[in-house]
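Whatever order the structure lists them in is the order used to number ligands and atoms, beginning at 1.
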Amino acid sequence: MGYAEIYQGWKDDPEAFWMEAAKSISWDKAPGKALFDDNAPNYEWFSDGMVNTCYNAVDRHVEAGRGDQAAIIYDSPVTQSKRSISYAELRSRVASLAGALRAKGVEKGDRVIIYMPMIPEALEAMLACARLGAVHSVVFGGFASNELAVRIDDSKPKAIIAASCGIEPSRVVQYKPLLDAAIATAEHKPDFCVIFQRDQAVAKLIEGRDVNWHGFQHGIEPAECVPVAGNHPAYILYTSGTTGQPKGVIRHTGGHLVALNWTMSNIYDVKPGDVFWAASDVGWVVGHSYICYGPLIHGNTTVVYEGKPIGTPDPGAFWRVIEEHKVKVLFTAPTAFRAIKREDPKGALVKKYDLSGFQALFLAGERADPDTIQWAQNVLGKPVIDHWWQTETGWAIAANPMGIEALPVKPGSPSVAMPGYDVRILDEAGHEVANGDMGAIAVKLPLPPGTLPGLWNAEDRFNKSYLDHFPGYYETGDAGMKDEDGYLYIMARTDDVINVAGHRLSTGAIEEVLAAHPDVAECAVIGVADPLKGQLPLGLLCLNAGCARVHADIVKETIRQVRDQIGPVAAFKLAVVVEHLPKTRSGKILRATMAKIADSEKFKMPATIDDPAVLDHIGRCLKTIGYASD
Ligand code: COA
Ligand code: AMP
C-alpha cells in the first residue's frame, strides 16, 4: 500500500489504524480501545491498557533473543572513548539503577530530574525511571542553573540524577556547581541527588544529600518493570513558550510507545537490528524520541555521540561515525550540515569514508533551506528528507514516509501530513485558506497518540496556548502553506519563539533577563538571520533617562547576564542601545518589523505604528553592529 492509501485508511477509521499499530507493543493488559474522548477537546489514548516503557525498550528484546545485540553505541570524540552496551547489559544496568532509586524511595508517579550530557548513563537514567513508572524530566546541559531551578520548582522532583560534568570541545562544563546553585535557588528541594562522576571533573558530594551513582547501587536488588496505565505520564519535557516560564510538555506512556514504534519502520524505514543515529542531545525532544525511546522500543541500535559535526576533530566526523558503526539512518538538524558545508564545501571528506550501508539523512528542528538539502544530496548521493515536528508532538507531523513509499522530494517542503494528523491552513478567523496561500498551521483534533495531552501544572495555559484560538484545532504556532499535492511549507513562527541552531528559544524569556539590568528601561529581542545557526537573538536596549554609562559596557553586561541566567545555549551575543522602540499606537512593540529591517528585507509600514521615524532610528542603530545593510 502506498502513502495515499494508508493515509486515507487512517482517516476512514483512526481507531482501527491505531489499534493495529498498538499490536506491536507488549502490553501487560491490552487496551480495550484507542481513543478516549470523554474530556474532549482534551484527548487521551490507550488509557485502559497497562504497559511498561522500559520493558518494551529493553527487556522484551533480551527475551526475544536480541540480548547480545548492541543497544547503545557510545562514541565520544571529546573524551576519545567508545563503548558498546548490549541489550542484556543494558537490562541489568537499568534494573540495578532502578532498584537503587526504589530503595531510596522513588516510586511510580514520582518526578526525577535528569541533568546529564551525552553519555549512555543519561539513557540508563531515563529508562530506570520508566522501569519504575517514575516521571523523568531531562534538562539540557547548556542551560544555566536558573533554568534548572525553574524546572525543579515546577516538576518538584523527589530525586535529581546528574553527571559531574559535560564536555564541550573548548571546555569542561562543571555541572555540579550549576546543580548546587539551582537547588539553592529553588523553593522545592529534592530528597537526594545521584551523581555520576566523570574523570574530567570529579565533583564534591554534599553529605546527606548526594550519593554516588555506583556506590548507591552496591548490593541492591534489581527492580522489575512496573506496569502503568496507558495514560500515565512517561515524562515531562520543558520547552520555550512566549514567556520566561517554560512549558512542561507531558507525554503519556501508551501513545508514546505505539507512535514511536510506528515511525521507526514507516517513516525512517529501519528494521530491528539496524543502527539508527540521531545526532542531537537527550535534553531535546529529538533526543527523547530518537536517541532513546524510538530506536530502543523498535529493537534498533542507537548511537550516543558526544561531539560536534565539526571540530571533533574535523567536518568528516559524521562520515566516520556512519562508516564505523554502520549507521543506516542519520537524523540531525540542518544547522549541523550548514556547519559541515562551511568547512568542507566540496564534501572532500565524504569520499574518505565508506557510506555504502548508509540509507538516508533526515533533517528537522528548523527550516531546512533548499541549498543545504541540495548540497547534502549532492555530496552524499542519498535521500535527504526534511520532516517537521515539535516538542509538543514528539514525532513528525509531516514527513516523507520512506518505509511506506519514497514520495517525490520538493525542496523547501517537509512533504506531507503523516497518518494521525489532519493539517489545515487557517486564516485569522479560523477559515481554511486556498492552496498556496499562507496562514496559521493547525491540526484538527484529536492529535494522534504520542502527542501532548497537556502541560504539567498548567491546564489553562495548555488550552490558551494551543486550543482556544481555533476551536476544534491544535494551533502549532507555525505559519505556512500547503500546495495542490498536499505538501506543506513551514515558513515562520506566529509567536515570539525563535530557532537558534535547531534549539527553540523564547525571546520573551531573554527580554525578562535584559529588563532586569539596572540601566535598562525597556527592551526587545528579535531573531535575526544567521547563515550557520538559522537565527540568532538580538537585543535592543532603551536605557533609563540620564544613564551616562558607556553603552559597550552595558551591552557586555547584558550578554553576561543572559549567559548566566539562561545559559550558553541562548547564544546571545548581539545587543545594541537605542533611544526608542517602535510601537503601535496601543503600545505593542513591533518586533517582526524590526527583524525585517535587521535582515535588510522589505517590510510594510504597519498601519498602526505610532511614530514611523523610530524605524529609521532603529535601522541606523542596527547598522552599527553590521545589520540592516541597504
Ligand atoms: N552543555 C553546556 N554547554 C553547551 C552544551 C551543553 N550540552 N551544548 C552547547 N553548549 C554551549 C556551547 O559550548 C556554546 O557555547 P559558547 O558560546 O561558549 O561557544 C553555546 O552553548 C552554543 O552552542 P551551539 O548552539 O551548539 O553552538 P556551537 O557554536 O557550539 O556549535 C553547531 C554550532 C552548528 C555545530 C551546533 O549547534 C550543532 O552541532 N548543532 C547540531 C544540531 C543539534 O544538535 N540540534 C538540536 C536539535 S535537533
Ligand atoms: P522544537 O519544539 O524545539 O522541536 O521546535 C519546534 C519548532 O521548530 C517548530 O514549531 C518549527 O517552528 C521548527 N521546525 C521544526 N522542524 C522544522 C522543519 N522541518 N521545517 C521548518 N521548521 C521546523
Side-chain angles (χ1 to χ4, degrees), residues 78 115-118 122 139-144 163 165-175 178 237-241 247 249 278-291 305-312 315 317-318 331-343 362-369 373 385-394 396-399 412-415 441 452 475-480 488-495 497-506 530 532-536 559 562-563 566-573:
V78 292
Y115 189 52
M116 296 182 99
M118 282 294 290
V139 178
F140 178 60
F143 282 125
C165 67
I167 297 151
E168 284 295 287
S170 58
R171 65 189 190 283
V172 171
V173 183
Q174 308 244 8
Y175 280 17
L178 297 170
L237 178 59
Y238 288 89
T239 189
S240 300
K247 297 170 171 171
V249 167
S280 175
D281 189 287
V282 281
W284 308 115
V285 69
V286 175
H288 280 63
S289 294
Y290 294 111
I291 296 173
Y305 175 71
E306 192 181 29
K308 301 265 174 178
I310 52 170
T312 58
F318 275 19
F331 176 170
T332 191
T335 187
F337 269 73
R338 287 197 296 269
I340 297 170
K341 179 174 147 208
R342 194 161 75 168
E343 295 209 350
F362 283 78
L363 298 174
E366 55 171 331
R367 183 172 156 73
D369 49 295
I373 294 214
I385 309 297
D386 179 16
H387 60 330
W388 166 58
W389 50 298
Q390 315 181 302
T391 304
E392 287 85 344
T393 65
I397 308 169
S413 165
S415 302
I441 313 182
L452 85 169
E475 185 183 5
T476 64
D478 284 317
L488 292 162
Y489 294 79
I490 318 302
M491 307 308 289
R493 290 286 303 187
T494 55
D495 55 13
V497 165
I498 59 171
N499 200 311
V500 178
H503 312 317
R504 175 165 153 183
L505 295 173
S506 156
D530 180 74
L532 175 64
K533 296 195 177 186
Q535 280 186 303
L536 283 177
I559 288 171
V562 173
R563 194 175 172 91
I566 296 182
V569 68
F572 183 75
K573 291 178 178 160

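Protein heavy atom nearest atom 6 (C) of ligand 2, with residue, atom name and distance: Trp389 O, 3.6 Å. At the top of the distance list for atom 18 (C) of ligand 2, counting protein heavy atoms only, stands Glu366 O, 3.3 Å. Among all non-hydrogen protein atoms, the one lying nearest atom 5 (O) of ligand 2 is Arg504 CD, 3.5 Å. Protein heavy atom closest to atom 16 (N) of ligand 2, with residue, atom name and distance, is Gly365 N, 3.1 Å.
Under the 4.0 Å criterion applied to side-chain N and carboxylate O atoms, Glu366 and Arg504 are not assigned as salt-bridge partners. Salt-bridge formation is not detected for the pair Asp386/Arg367: no Lys NZ or Arg NE/NH1/NH2 atom is positioned less than 4.0 Å from an Asp or Glu carboxylate oxygen.
Of the heavy atoms in Asp478, only side-chain atoms (C-beta onward) come closer than 4.0 Å to ligand 2. Counting heavy atoms closer than 4.0 Å to ligand 2, residue His387 contributes backbone atoms (N, CA, C, O) but none from C-beta onward. With a 4.0 Å cut-off on non-hydrogen atoms, Asn499 touches ligand 2 through its side chain and not its backbone.
Sorted by chain and number, the residues within 4.0 Å of ligand 1 by heavy atom are Phe140, Gly141, Gly142, Glu168, Arg171, Val173, Tyr175, Ala279, Ser280, Trp284, Val286, Lys308, Pro309, Ala333, Thr335, Ala336, Ala501, Gly502, His503, Lys533, Arg563, Pro568, Val569, Lys573.
When atom types are taken as modelled, the side chain of Thr332 and the backbone of Ala279 share a donor-acceptor pair closer than 3.5 angstrom. No donor-acceptor pair under 3.5 Å is formed between the side chain of Ser289 and the backbone N or O of Val286. Here the side chain of Asp369 pairs no donor or acceptor atom with the backbone of Gly412 at under 3.5 angstrom. Checking side-chain atoms of His288 against main-chain N and O of Val282 turns up a donor-acceptor pair under 3.5 Å. At distances below 3.5 Å, at least one donor-acceptor pair connects side-chain atoms of Ser506 with backbone N or O atoms of Gly241.
Taking only non-hydrogen atoms, the option from Ile498, Val285, Thr391, Val249 nearest to atom 1 (P) of ligand 2 is Thr391.
Considering both main-chain and side-chain atoms, Thr476 never comes within under 3.5 Å of ligand 2 through any nitrogen or oxygen pair.
Under the 4.5 Å side-chain criterion, counting only non-hydrogen atoms from C-beta, Ile490 is in contact with Ile441.
Shown here for Gly141 and Tyr175, the closest heavy-atom pair between the two residues is CA-OH, 3.4 Å. Arg563 and Ala144 get closest at one heavy-atom pair: O-CB, 3.9 Å.
For ligand 2 and Asp386, the ligand atoms under 4.0 Å from any heavy atom of the residue are 18 (C), 19 (N). Applying the 4.0 Å criterion to heavy atoms of Ile490 picks out, from ligand 2, the atoms 21 (C), 22 (N).
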Pair Met118-Ile291, side-chain contact (heavy atoms from CB on, under 4.5 Å): steps then yes or no: CA-CA 10 Å; Met118 282 294 290; Ile291 296 173; 3.7 Å; yes

